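Just so it is clear, the model here is predicted, and its values are computed rather than measured. Here is how names work: the chains are called A, B, and so on, in the same order as the sequence lines, proteins then strands, and each is numbered from 1.
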Amino acid sequence: MNKKAQEEIAGFVIVVVLVSIIFVIILGFSLNKESTVQEKQSLEIRHFLESIRQVTTECSLTGTIPSNFKELLGACYESSTCSSGTPACTVLEDSLKEILGSSYTIGPEAHIKGYNFTIEFKNSLESKTLLLSENEGNCSSSSYRESEDFFPYSNGQIYTALRLCY
Amino acid sequence: MKRFHALSSRGQIKIQEMAFVLIAFVIFFALAGLFYLSFKLSDTKGEVQAQRESEAQELVRSISETPELRWSSSNRQCKGCIDLDKAILLKDEERRIFSDLWSMDKLYIEIIYPKKSGECNRIIYPECSTITLINKNTNFKLYSSFVSLCRWDFNLGNEVCYLGKMYASAKEIKEK
């Protein structure tokens, strides 16, 4: 009788242990799936990308009228220079740094740990040309928000993409 | 008779054992289910919160599309662009009407880039950073959205646009 009870207790423990292991495996899969949810499309970043297009820069491509960011992106793709003699891509990079610096607080102690801003030209054949890549801080974390914006230019599109890492 | 009693007692013990095992299983699965549900619910709550934030941001940005504030450029489409000249006029002239029109508790525009400082008035405009259109003393959460802030520069004979943020708070936004 005593031996039989011991066997039943052992059987029960084995069943509980097996069920626990299965539960932990399922939970592990579930949590792993949730971590990818941290990679979200951000409406705020999309608004940011749409808004910077209109911003007036310090580069004048035609005479004395300063160009906006969108025109500067095209000029950078064409490797044009501003009327001051500075390459359009240099002005673009400097303006971008200032804009991002004014818009977001980045740092190890800040909520946003880093960013990655890329500007690419994609033509109809899906070939990509990287025009500019601007990085700051630490962007190795799997938790980030990002968005992209594009507009037609020449025989393709110019894409701007921003990723903010948390 | 004695044997019958012994068998009956053993059977009762077996039934009790089975009942205990079943109860233990039910409790275990109930706890596991609760644990899993709480995880799922917290995730859903986060998603709902993010969705509400997005809706609020979209609502704030939609204010920039109203005729009272929209930048009207004849030669290009300008999404989310605010006319700074209209905003400064509204600040001075029609604050009360404006406040009633949108039932907002707070509404202000801030120039983010290039860096400027101070509250705008007609004397220092455009060398200032903030245009406060509505400012009631309430504690509702402020929502913001990036916008372009444009004005006509008479010296350049051309439009000039800045990067800015529009902030708004209202009971309606909170309850959405």
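- The distance from the CD atom of A:Gln54 to the SG atom of B:Cys150 is 6.5 Å, given to the nearest 0.5 Å.
- Both A:Tyr115 and A:Leu132 are members of a single hydrophobic cluster when ILVMFWY side chains are connected at heavy-atom separations under 4.5 Å.
- Few gaps surround CZ on B:Phe28; more than 12 heavy atoms of other groups in view lie less than 6.0 Å from it.
- At a 4.5 Å heavy-atom cutoff, the contact between A:Ser95 and chain B is made by backbone and side-chain atoms alike.
- Here CD of B:Glu58 is found 6.5 Å from CZ of A:Arg46. Values are rounded to the nearest 0.5 Å.
- For the residue pair B:Tyr162 and A:Val55, the shortest heavy atom distance occurs at C-CG2, 3.9 Å.
- Other residues, nucleotides and ligands contribute more than 12 heavy atoms inside 6.0 Å of the CD atom of B:Glu53.
- Both the backbone and the side chain of A:Ile52 come within less than 4.5 Å of a heavy atom of chain B.
- Only the backbone of A:Thr64 comes within contact range of chain B, judged by heavy atoms closer than 4.5 Å.
- For CD1 of B:Ile123, the number of neighbouring non-hydrogen atoms (other residues, nucleotides, ligands) closer than 6.0 Å is 12 at most.
- Annotation: the span from A:Phe48 atom CZ to B:Leu163 atom CG amounts to 6.0 Å, rounded to 0.5 Å.
- In this structure, A:Ser103 and B:Phe146 have side chains that are in contact, with non-hydrogen atoms separated by less than 4.5 Å.
- In the hydrophobic clustering of this structure, A:Leu162 groups with A:Phe151; members are Ile, Leu, Val, Met, Phe, Trp, Tyr whose side-chain heavy atoms approach within less than 4.5 Å, directly or through other members.
- Between B:Arg61 and A:Glu44, none of the side-chain N atoms (NZ, or NE/NH1/NH2) sits under 4.0 Å from a carboxylate O, so this pair counts as no salt bridge.
- No more than 12 heavy-atom neighbours from other residues, nucleotides or ligands sit within 6.0 angstrom of CZ on B:Phe20.
- Between the CG atom in A:Asn68 and the CG atom in B:Asn158 there is a gap of 9.0 Å [rounded to 0.5 Å].
- Both A:Leu49 and A:Ile106 are part of a single hydrophobic cluster, where members link through side-chain heavy atoms under 4.5 Å apart.
- With hydrogens and angles disregarded, no donor-acceptor distance shorter than 3.5 Å links the side chain of A:Ser102 to the backbone of B:Tyr113.
- Atom OG of residue A:Ser51 and atom NZ of residue B:Lys79 lie 10.0 Å apart, to the nearest 0.5 angstrom.
- One hydrophobic cluster, built from ILVMFWY side chains closer than 4.5 Å, holds both A:Phe69 and A:Tyr153.
- Cluster membership check: B:Ile88 shares its hydrophobic cluster with B:Leu133, using side-chain heavy-atom separations under 4.5 Å among Ile, Leu, Val, Met, Phe, Trp and Tyr.
- Taking OG of B:Ser145 as the start and CG of A:Leu43 as the end, the distance is 7.0 Å to the nearest 0.5 Å.
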